[in-house]
Undergrad: 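Below you'll find the structure I mean.
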2 protein chains.
Amino acid sequence: MISKMLCSDDSIAITRDQLMLVEKLGVLYEHSGMQPAAARVASLLVIADQTELTFDQIRATMRLSKSATSNAINTLLNTKRIIYITKPGDRKRYFTSDVREWKAGFLDKFGEMMHIVEVYNEVLKQRTKETPEFNKDLEEMISLMSFIFDEIPKLFKKWDNQNQI
Amino acid sequence: MISKMLCSDDSIAITRDQLMLVEKLGVLYEHSGMQPAAARVASLLVIADQTELTFDQIRATMRLSKSATSNAINTLLNTKRIIYITKPGDRKRYFTSDVREWKAGFLDKFGEMMHIVEVYNEVLKQRTKETPEFNKDLEEMISLMSFIFDEIPKLFKKWDNQNQI
DNA sequence: TTTTTGGTTCTGTGATTAGAGAACCAAAAA
DNA sequence: TTTTTGGTTCTCTAATCACAGAACCAAAAA
């Protein structure tokens, strides 16, 4: 019996311009700590006309190996950058960029930045009292950062209200 | 003639607790993309009782090689994380954490985040009109991010005023 | 039962990185 | 002039990374 397809090419239709944009956004994602393959996959799922892509469509379109695709998808799932849906009578998962969830992730990012302020407070507490100027500058910085991170959730709420949800 | 000192140990006095804090803060710095040696040096300069340290004090205290020390210091100088001062009749440079300058760097960080919004706008422009819901979510996200990044400089100003500078 | 599908996991590797050590160098001191 | 100081730069290596390829596997289909 002849094998149906030795090398399936499920790659989706995508323009040259779109592929360039995938790279461009991918690089930005890389700068924020995402690894190359994951960055491209995340980027593809925002740019492609089809918003729901299967494992194999992603793999074929991005020319990644199965392992690279699998790892990229799983890190993106773990970091909540993407989700997947299923369809009745279809074993495949359809991966999609969960744009709505980004808002939470965006807020979380500020929360992470807040963590450093806590450590700066530890630092300030243990500092010698012999360097009052330095300590004052540090204290001021801590105060500024605390202020900003306090206000940011308020900004989120304000925006929500303006956009009457 | 007997050589004065084959292996100079200019390491400064530092407590065990302080060294642990250097590691702790260092790891946070690493998470924000700084490389290990640079992260520890930056961290040391915030925690050490002496706020002005020489090349050799940094090297000896952190047990780094000269090359690692040199590279770490130079990257920190380039990224404006530290500055140095000199003293009359002394060829050494005294490196110090420029806490005042952090404010500018802190604001800059938000500016960088703003950059991704521009690319998202490119993405939105080129998206197919066949996915109105997805596009609407993306548009909303862009609108939220733009709003936040617009408000942040205002927050900085507000804080400045409250602290009557 | 065997085959196919939709992946996951293991192994191997080329590329990159972080840092050590030594050679090097210019300005200052002796 | 020679030596010392305060670094910089070059070379080498160990460790890590990102990915390919292949083996593997469970559930579904045939």
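In what follows, chains are A, B, ... by sequence order, proteins preceding strands, each numbered from 1.
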Undergrad: Is S70(B) near enough to dT8(D) that one of its side-chain N or O atoms lies under 4.0 angstrom from OP1 or OP2?
TA: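 For S70(B), the contact criterion (side-chain N or O under 4.0 Å from OP1 or OP2 of dT8(D)) is met.
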Undergrad: Please round to the nearest 0.5 Å and tell me the distance separating atom OG1 of T61(A) and atom CD1 of I58(A).
TA: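 That separation rounds to 8.0 Å.
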Undergrad: In terms of ring plane angle, is the pair F156(A) and F106(A) parallel, tilted or perpendicular, where the classes change at 30° and 60°?
TA: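 Aromatic pair F156(A)/F106(A) classed tilted.
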Undergrad: So which nucleotide from dG19(C), dT8(D), dC19(D) ends up closest to the side chain of S65(A)?
TA: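 Selected nucleotide: dC19(D).
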Undergrad: For T51(B) and L45(B), which heavy atoms make the closest approach, and how far apart are they?
TA: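 Result for this residue pair: O-CD2, 4.3 Å.
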Undergrad: Starting at OG of S43(B), measure out to CG of L21(B) and round the result to the nearest 0.5 Å.
TA: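 Those atoms lie 6.5 Å apart.
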Undergrad: Using Watson-Crick and G-U wobble pairs whose two distances are both under 3.5 Å, how do you write the pairing of DNA chain D as dot-bracket, with | for links to another strand?
TA: ||||||||||||||||||||||||||||||
Undergrad: Nearest to the side chain of R91(A) - dA27(D), dG7(C), dG19(C)?
TA: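 Of the candidates, dA27(D) comes closest.
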Undergrad: Assign L64(A) to base, sugar-phosphate, or nothing according to its heavy-atom contacts below 4.0 angstrom with the strands shown.
TA: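 L64(A): backbone/sugar contact only, no base atoms under 4.0 Å.
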Undergrad: Does any N or O donor sit under 3.5 Å from an N or O acceptor when you compare the side chain of K92(B) with the base of dG6(D)?
TA: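 There is none.
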Undergrad: OP1 or OP2 of dT8(D) versus the side-chain N and O atoms of N71(B): is any pair under 4.0 Å?
TA: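 No, because none of the side-chain N or O atoms of N71(B) sits under 4.0 Å from OP1 or OP2 of dT8(D).
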Undergrad: Would you please confirm or rule out a distance under 4.0 Å between OP1 or OP2 of dG7(C) and any side-chain N or O of R93(A)?
TA: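 Indeed, a polar side-chain atom of R93(A) lies that close.
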Undergrad: Could you walk me through whether E101(B) and I82(B) pass the side chain to side chain contact (heavy atoms under 4.5 Å, CB included) test, one step at a time?
TA: CA-CA 9 Å; E101(B) 264 312 298; I82(B) 64 172; over 6 Å; no
Undergrad: Go through the N and O atoms of the side chain of S67(B) and the base of dG21(C), and report whether any donor-acceptor pair is under 3.5 Å.
TA: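 Answer is yes: a donor-acceptor pair is held.
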Undergrad: From the set dG7(D), dG21(D), dA20(C), return the single nucleotide nearest to any side-chain atom of F55(B).
TA: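 Minimum distance to the F55(B) side chain belongs to dG7(D).
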Undergrad: With a 4.0 Å cut-off, would you call D160(B) and K157(B) a salt bridge?
TA: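 Answer for the salt bridge query: no.
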